[in-house]
Amino acid sequence: MKNMYPKNGRVILHVDMNSFYASVEMAYDPSLKGKPLAIAGNPEERRGIIVTCSYEARKFGVKTTMPLWEAKKLCPQLIVKRPDFERYRAASMGMFDLLNQFSKLVEPVSIDEGYVDITESFELGSPLEIAEQIQKRLIRQLDLPCSIGVAPNKFLAKMASDMKKPLGITVLRKRDLPTVLWPLQVGEMHGVGKKTADKLKGIGIHTIEDLAKGNDIQLKALLGINGLRLKERANGIDNRPVDPDAITDFKSIGNSTTLPKDVSNQQELFQVLKGLAEKVSVRLKRKKVLATTLGITIRYKDRKTVTRSRKLLNPVSTQEEILQLAKGMLVSNWTGDPVRLLGITGTDLVENDHAVKQLDLFTYERDAKKEPLIDTVSKLKEKFGAHIIEQASNLSYEQKRQIGTETSFNKDFLQVEKRKKDSP
């Protein structure tokens with residue numbers, strides 16, 4: 001089978017589970033199969049939002065992020081269930097365990113999708129045969145459908161997996177770009193959101209082919225370095241490796257908690273925020289990142305939920321900084337009504353080594369006093385390596401470790417599972 005694989009290139013699969021939450025519920029309760037099913041964050045309320053839905057529901061026009069009242073108007077017979085994240089985590093771990101049987105190079109992207117580098121898996125069959133084996137075994141063992149893209153790099157594999165759903169397998173080669181990829185609207189390209197698509201259309205770029213042939217100077221002026229990166233992708237160029245350790249990457253870190261009783265005392269709410277700020281701070285430091293945006297969630301007794309976020313001048317990671325900001329946001333946005341749930345989330349994360357702190361008149365004097373220490377640490381790292389000195393908070397992870405959060409999914413559990421497997 002080795003002659004079915006490129007001599008110098010790679011073969012990468014993108015495995016994307018179909019309507020994952022809904023499919024897991026159907027696997028758990030087969031009576032739901034073939035019926036219009038939606039998973040909604042708060043099905044008791046008209047304000048609930050559709051998290052995902054089955055393909056049977058999509059035939060009626062039901063879509064992800066659609067308000068529940070609108071979905072029920074389109075499909076009166078819609079079955080609505082609350083999300084069961086423990087059930088979805090278990091299914092996700094089963095999925096990734098299966099993928100790891102085909103290659104050591106498996107990179108989780110989210111709870112329901114991942115990349116698999118099968119370049120060295122030729123003994124298991126041709127790339128297409130391996131994709132078919134994965135798809136069939138996921139159905140047989142977990143009763144979960146998926147679509148798979150087969151390509152020479154991650155970008156093309158991702159684009160390919162989106163082309164046939166559900167239960168599709170699509171091969172996308174670089175030579176297929178002019179006929180398969182380039183005719184698509186630029187907004188259909190992975191990595192191009194609506195705002196970016198609108199900007200590109202403003203300079204006459206409407207299709208992926210237009211982007212592939214775009215002017216470098218114009219693209220960089222419009223989108224910065226990301227403009228050139230998108231042009232490379234449009235030309236089928238993507239040298240990113242499949243990285244099993246990428247599960248440590250986070251776009252956000254947050255914690256929320258439902259209170260034992262509804263609380264309307266400000267000092268009690270401040271104490272809850274203090275505990276949340278500590279948990280978020282521990283996880284930020286563990287990941288060696290800082291948050292440049294901080295968000296707060298307030299849910300009232302009547303289940304009305306308010307979320308607010310604030311872009312920060314200086315990135316934060318300490319409990320004290322997070323707590324003070326969260327307190328201010330609570331005071332500004334709290335109506336005084338009894339609170340049922342509170343949450344704090346740090347987003348737009350940056351790595352410690354790459355965080356640039358913008359000093360202002362209030363922080364300059366304090367930071368200037370630290371400058372000799374910072375300079376000394378920098379010299380030590382330059383001479384002996386980046387990890388010669390670590391903050392004590394980074395070393396206490398095993399004592400403080402916690403998997404996941406009270407109310408939201410993250411990829412911590414995948415990282416812990418990987419650590420268990422890697423340990424002797």
Side-chain angles (χ1 to χ4, degrees), residues 6 8-19 52 55 58 61 63-66 107 109-110 112-117 119 127-128 131 146-243 246 249 251 311 347-348 350 354:
N8 300 315
R10 294 177 294 176
V11 180
I12 293 175
L13 309 182
H14 181 259
V15 181
D16 192 2
M17 307 306 291
N18 301 146
S19 300
T52 190
Y55 285 91
R58 295 181 191 190
K63 299 177 182 177
T64 301
T65 74
M66 178 179 283
E107 178 184 332
V109 177
S110 67
D112 64 344
E113 63 175 312
Y115 293 103
V116 188
D117 188 330
T119 308
L128 195 56
C146 74
S147 292
I148 301 177
V150 186
N153 59 51
K154 290 166 78 171
F155 168 72
L156 292 178
K158 169 65 177 175
M159 291 296 297
S161 69
D162 285 337
M163 290 179 176
K164 293 178 187 175
K165 289 186 175 182
L167 282 173
I169 296 177
T170 304
V171 179
L172 185 58
R173 306 173 183 86
K174 286 189 179 180
R175 64 173 179 264
D176 300 325
L177 293 180
T179 56
V180 178
L181 205 64
W182 283 1
L184 299 177
Q185 291 294 302
V186 71
E188 296 180 54
M189 177 173 158
H190 176 58
V192 176
K194 185 179 185 305
K195 290 183 179 179
T196 300
D198 289 342
K199 287 181 180 179
L200 290 169
K201 288 175 184 177
I203 61 170
I205 293 177
H206 298 277
T207 65
I208 296 179
E209 181 177 9
D210 294 335
L211 178 58
K213 298 176 180 178
N215 180 279
D216 287 2
I217 297 174
Q218 197 176 23
L219 286 169
K220 189 172 183 181
L222 183 70
L223 302 173
I225 192 67
N226 193 47
L228 301 181
R229 189 178 295 118
L230 288 174
K231 180 181 176 179
E232 286 187 344
R233 300 283 195 273
N235 281 288
I237 301 169
D238 182 6
N239 296 319
R240 294 173 298 162
V242 172
D243 180 9
D249 293 344
K251 293 182 179 178
K311 187 73 176 175
T347 57
D348 297 328
V350 293
H354 298 133

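No experiment lies behind these values; they were computed from the predicted model shown.
- D162 contributes atom CG, which lies 7.5 Å from atom NE2 of H14 (distance to the nearest 0.5 angstrom).
- Within the 4.5 Å cutoff, the side chain of T196 has heavy atoms near those of the L230 side chain.
- The side chain to side chain donor-acceptor pair (under 3.5 Å) test applied to D117 returns T119, not counting sequence neighbours.
- In terms of the side chain to side chain contact (heavy atoms under 4.5 Å, CB included) criterion, residue partners of D238 (sequence neighbours excluded) are, by chain and number, N153, K154, F155, R233, R240.
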Check your understanding: Between L181 and L156, is a side-chain contact (heavy atoms from CB on, under 4.5 Å) present by the stated rule, with each step listed?
Key -> CA-CA 9 Å; L181 205 64; L156 292 178; 4.0 Å; yes
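- Listed here is the closest heavy atom pair of V150 and A131: CG2-CB, 4.1 Å.
- Side-chain contact of S147 with N18: a donor-acceptor pair under 3.5 Å is present, judged by distance alone.
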Would you list the atom pairs, donor with acceptor, under 3.5 Å between side chains in residues 211-225 and any protein atom, with sequence neighbours excluded?
{"residue": "K213", "atom": "NZ", "partner": "E209", "partner atom": "OE2", "Å": "2.8"}
{"residue": "N215", "atom": "OD1", "partner": "I217", "partner atom": "N", "Å": "3.0"}
{"residue": "N215", "atom": "OD1", "partner": "Q218", "partner atom": "N", "Å": "2.9"}
{"residue": "D216", "atom": "OD1", "partner": "K231", "partner atom": "NZ", "Å": "2.7"}

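- Residues forming a side chain to side chain donor-acceptor pair (under 3.5 Å) with T64 (at least two apart in sequence, or on another chain): none.
- Within the 4.5 Å cutoff, no side-chain heavy atoms of P152 are placed close to those of R10.
- What you find for P183 and P178 is that their closest heavy atoms are CD-O, 3.6 Å.
- Counting heavy atoms from C-beta on, the side chains of N239 and E232 never come closer than 4.5 Å.
- Residue pairs meeting the salt bridge (Lys or Arg N to Asp or Glu O under 4.0 Å) criterion with at least one member in residues 184-196, sequence neighbours excluded: K194-D198.
- With sequence neighbours left out, T52 forms a side chain to side chain donor-acceptor pair (under 3.5 Å) with no residue at all.
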Point to revise | side-chain contact (heavy atoms from CB on, under 4.5 Å) assessment of V242 paired with V116 | key: CA-CA 7 Å; V242 172; V116 188; over 6 Å; no
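- Here the shortest heavy-atom pairing between A157 and A151 reads N-CB, 3.3 Å.
- The distance from atom OG of S19 to atom CG of D112, rounded to the nearest 0.5 Å, is 9.5 Å.
- Of the inter-residue distances, the one linking T207 atom OG1 with L184 atom CG reads 9.0 Å to the nearest 0.5 angstrom.
- Remark: K199 NZ is loosely packed, at most 12 non-hydrogen atoms of other residues, nucleotides or ligands lying under 6.0 Å away.
- Checked by atom type and distance alone, the side chain of D176 never pairs as donor or acceptor with a backbone atom of L172 at under 3.5 Å.
- When side chains are defined from C-beta on, E113 does not count as touching S161, because their heavy atoms never get closer than 4.5 Å.
- When all heavy atoms of K158 and D16 are compared, the closest pair comes out as NZ-OD2, 4.2 Å.
- Looking only at side-chain heavy atoms (C-beta outward), V109 and Y115 come within less than 4.5 Å of each other.
- For the residue pair A197 and G187, the shortest heavy atom distance occurs at CB-CA, 4.0 Å.
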